[in-house]
Amino acid sequence: MLHGGTMVTKPTFYITTPIYYPNDKLHIGHAYSTTVADTLARYKRLRGYDVRFLTGTDEHGQKLQRKAEAAGMTPLAYIDGIVEGIKKLWERLDISYDDFIRTTEERHSTVVQKMFSRLLEQGDIYLDHYEGWYCTPDESFWTEIQLKDGHCPECGGEVEWVKEEGYFFRMGKYADRLVQYYKDHPEFLEPESRKHEMLNNFLLPGLEDLCVSRTTFDWGIPVRENPKHVIYVWLDALSNYITALGYLSGDPELEARFAKYWPADVHMMSKEIVRFHSIYWPIMLMALDLPLPKQVVGHGWLLMKDGKMSKSKGNVIDPNQLIDRYGSDALRYFLLREISFGQDGVFTYESFMDRLNYDLANDLGNLLHRSLAMLKKFASGVIPEPAHLTELETELRDWIVSLADQTEAAMERKEFSKALETIWQLVRRGNRYIDETAPWALHKAGEGERLNTVLYTMFEVLRIVSVWMEPFMPKTAPEMRRQLGLASGAATTWDSARVFGTLPPNLVTAPGEPIFPRLDVEKELAVLGVLALPDASVAPAKEANKAGDKATQAQPEGVVSLIEIGDFTKVELRVAEVVSAEKIAKADKLLKLQLSLGDEVRQVVSGIAKHYAPEQLIGQKVILVANLKPVKLRGVESHGMILAASTDTQLVLATVSGDIPVGAKVK
Ligand code: ME8
């Protein structure tokens, strides 16, 4: 960019989210990380940075392969549907990412292979044998002593004994350098408490070499030199932060982009994966002779009343459900305001409704709508020129400068809740200002000049609030300005919000629908069907999907969105009796069933073989989804699906409790 003859280059800011596992629909925990990163990216753009914002999906590994197998699909076919849903969710949440990387893309996998080869060549990686524990949900290796009561110390899940040939990364070789790096860069790992945890639990006791390949499954990036090995999914996944920029791509333009944005300014994530990002990732980078990221930020967890949101507990909240009913900005506001960044925070529908009612409807919505209504009544909807500013306005003007300082300081420290709290001080001050100045009384008394100043000030407050809100609520901020009749320009830049009096007068306002209508909490809870949350009302019947077609599979478990009764009646459920059952060759999870409906026999393929022997099923009355489109699973036709209740480890067929003829409808 040329400015008065000198080159002005914007400072860069590279921010990433974790790349999520597309093994299921994402929940509001994932939405939280991504919204936080987006808010920071938007803020930095407003502050004049050249921002690069990366997100994506982590598509390899044993967990995904197993999920896809259980669904009777190829991994990629299974993942594609989910990735589509993730992209749609980010679009709905206004996530302003510049790039979305999928680790199954060639631009990623070929570079990961090159990186692996280089590490192998220079002796940082060597071939040996691995014997130890593996946690598939976390895709992590553990030693006997690290286990907690025989379970994964991280997620508490089952671990399995793994014994196979494997490549190893000499992590220990770099441990001292990393400890020194922590010392020299106190800002590297945030919050501070995580740094102590990394040092005391992992780095100081001595880093073991890390197994970085697997041979017992093939859903991964093959090691070029020895393709029966696939590269360990974490090595593959972490590399995304540089492959997406163009590292080792061989394309000069992309390599230049890598040089421009790397090292990352912020890797955003929650605490359980900080270990991978603050130990393995920097060591990989050291071995590759690359600079380390400037900061790894491990925020807290979004919890439900009964603990961490988890699919097996069935207490996950689908962000789409909240966006459908309340809009994306309401969800973004709630997440950023309610949770103190860095700490865990509890999601309850009640606190969500309260934030919407008090902060958004009462404070913000009210300020906008009453201002517009008064302007219409007292000044034909046109923002007047202010006359003399009294002490009330000059005090407000000076206070706004200090609020701007506080908001910026909070944003720089990633204290998002505090920043919003500061902004809302001005929103509430705006409402009080109206009460104190009583424009209706000024109008009645014919104090036109004073009224003009007061009306102008009300709208100036709204303008400033809209600028500060922009990183948090990217739909509401421009909508407010649309209603103010204010186009983007000099009065909507970040810095303009410090300067009281920037709002151009004579704008013709355009009042619209209330931006945040007040909610009847009881009614909302009833409509959402969450009065009895968490458990029964949201428990997913995920295994029931297993014999379903692709469309069903692309909508995995979680809290389903609300449906109309008409949607439910589209599903034809009928009682059916199992007349025969047999295994399907080379499909260890599937059974082929013949089901009697009285007047017809149906063939159905069901993913229940791990839980039922064929002979156990004969004579059982099950519930059949009778009007599903037929599909072929492992080459066998399936005309419907049977229902079952399940957890991660159990599966029980749904059946009828009394005597009823086969073919009877279930409603
Ligand atoms: O770990 N509260 O993917 P993942 C807050 N693929 N944040 C949450 C959350 C919760 N309850 N649940 C999930 C992986 N998250 C790897 C990452 S990166 C190279 C590879 C967010 O799908 C949070 O950011 O399990 C967490 O770190 C991430 O989702 C885990 O996503």
Side-chain angles (χ1 to χ4, degrees), residues 1-17 33-56 90 94-101 107 185 187-188 190 240-247 249 251-268 285 290-297 332 336 341 401 404-416 419 423 463-464 466-475 477-478 481 486-499 502:
M1 203 186 344
L2 275 176
H3 262 299
T6 41
M7 275 290 248
V8 180
T9 343
K10 285 182 174 186
T12 58
F13 186 78
Y14 179 34
I15 180 165
T16 67
T17 71
S33 287
T34 313
T35 303
V36 162
D38 181 68
T39 301
L40 206 48
R42 287 177 182 273
Y43 170 71
K44 289 288 181 183
R45 280 190 205 108
L46 280 172
R47 300 305 311 271
Y49 284 76
D50 174 347
V51 172
R52 183 125 191 123
F53 175 17
L54 175 71
T55 189
W90 297 156
D94 291 305
I95 304 303
S96 59
Y97 60 79
D98 297 290
D99 194 1
F100 187 108
I101 184 136
R107 63 168 169 153
H185 300 85
E187 71 299 332
F188 172 64
E190 218 179 66
N240 91 88
Y241 301 130
I242 53 178
T243 60
L245 287 178
Y247 175 63
S249 63
D251 176 335
E253 220 170 278
L254 301 185
E255 302 252 359
R257 185 173 68 187
F258 170 72
K260 177 175 179 192
Y261 291 105
W262 190 257
D265 291 85
V266 175
H267 287 316
M268 184 68 72
L285 290 165
L290 290 173
L292 307 199
K294 292 183 200 152
Q295 196 168 55
V296 169
V297 179
R332 290 176 64 113
L336 291 156
F341 188 71
V401 177
D405 290 339
Q406 288 173 45
T407 306
E408 286 170 12
M411 290 305 278
E412 295 301 333
R413 289 196 299 264
K414 303 183 194 68
E415 293 173 353
F416 303 102
I423 300 168
R463 175 189 72 87
I464 293 167
S466 85
V467 172
W468 287 343
M469 270 171 49
E470 178 119 27
F472 299 91
M473 302 171 84
K475 279 196 181 80
R481 295 199 289 257
L486 176 63
S488 295
T492 60
T493 63
W494 183 265
D495 287 337
S496 75
R498 300 183 155 262
V499 189
T502 307

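Heavy atoms only: backbone and side chains are in, while hydrogens, waters and symmetry mates are out. Everything quoted here is computed from the prediction, not taken from an experiment.
Take D495 and apply the side-chain hydrogen bond (donor to acceptor under 3.5 Å, both in side chains) test, not counting sequence neighbours, and it matches no residue. With sequence neighbours excluded, no residue forms a ring pair (Phe, Tyr, Trp, His ring centres under 6.0 Å) with F53. With sequence neighbours excluded, the residues satisfying side chain to side chain contact (heavy atoms under 4.5 Å, CB included) with E253 are D251. For E412, the salt bridge (charged side-chain N to carboxylate O under 4.0 Å, His left out) partners are K44, not counting sequence neighbours. Under the side chain to side chain contact (heavy atoms under 4.5 Å, CB included) criterion, T55 pairs with T17, Y20, W90, Y97, F100, sequence neighbours left out. Scored by the ring pair (Phe, Tyr, Trp, His ring centres under 6.0 Å) test, F13 finds no partners at all (sequence neighbours excluded). The side-chain hydrogen bond (donor to acceptor under 3.5 Å, both in side chains) test applied to W494 returns E408, not counting sequence neighbours. Among residues two or more places apart in sequence or in another chain, the side-chain hydrogen bond (donor to acceptor under 3.5 Å, both in side chains) test is passed with K260 by D50. With sequence neighbours left out, the side chain to side chain contact (heavy atoms under 4.5 Å, CB included) criterion links A497 to I464, V467, W468. For R52, the side-chain hydrogen bond (donor to acceptor under 3.5 Å, both in side chains) criterion is met by no residue, not counting sequence neighbours. A search for ring pair (Phe, Tyr, Trp, His ring centres under 6.0 Å) contacts involving Y49 returns nothing, not counting sequence neighbours. Considering only residues two or more places apart in sequence or on other chains, A410 meets the side chain to side chain contact (heavy atoms under 4.5 Å, CB included) condition with E415, K418, A419.
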Worksheet item: Are Y43 and K414 close enough, and set up right, to give a side-chain contact (heavy atoms from CB on, under 4.5 Å), and what steps lead you there?
Response: CA-CA 11 Å; Y43 170 71; K414 303 183 194 68; over 6 Å; no

Practice prompt. Test R463 against S496 for side chain to side chain donor-acceptor pair (under 3.5 Å), laying out the working first.
Written response: CA-CA 10 Å; R463 175 189 72 87; S496 75; 3.1 Å; yes

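Side-chain atoms of D265 do not come within 3.5 Å of backbone N or O of I15 as any donor-acceptor pair. Judged by distance alone, the side chain of Q295 and the main-chain N or O of E187 form a donor-acceptor pair under 3.5 Å.
Looking at heavy atoms from C-beta onward, V36 lies in side-chain contact with L336 at the 4.5 angstrom threshold. A heavy-atom distance below 4.5 Å is found between the side chains of P293 and L285. Taking the side chain as every heavy atom from C-beta outward, L254 and R107 never approach each other to under 4.5 Å. Residues F258 and L290 meet the side-chain proximity criterion, which asks for heavy atoms closer than 4.5 Å. Between R498 and D405, some side-chain heavy-atom pair lies under the 4.5 Å cut-off. At least one side-chain heavy atom of R332 sits less than 4.5 Å from a side-chain heavy atom of D38.
Residue I242 holds its CD1 atom at 11.5 Å from CG of L54, rounded to the nearest 0.5 Å. Rounded to the nearest 0.5 Å, atoms OH (Y247) and CZ (R257) are 15.5 Å apart. Atom CD in E470 sits 11.0 Å away from atom CD1 in I423 (nearest 0.5 Å). Summarising the geometry, atom CG belonging to L486 is positioned 10.5 Å from atom OG1 belonging to T502; distances are rounded to the nearest 0.5 Å. For the atom pair CZ (R42) and OG1 (T35), the distance works out to 10.0 Å, reported to the nearest 0.5 Å. The structure places CE of M473 at 10.5 Å from OG1 of T39, a figure rounded to the nearest 0.5 Å.
The aromatic rings of F341 and F416 sit perpendicular to each other, their planes meeting at more than 60°, with 30° as the lower class boundary.
In terms of heavy-atom proximity, P263 sits nearest to K294 at CG-CE, 4.2 Å. Residues A477 and S466 share a closest heavy-atom pair of CB-O, 3.3 Å. Minimum heavy-atom separation, E255 to S249: OE2-N, 3.0 Å.
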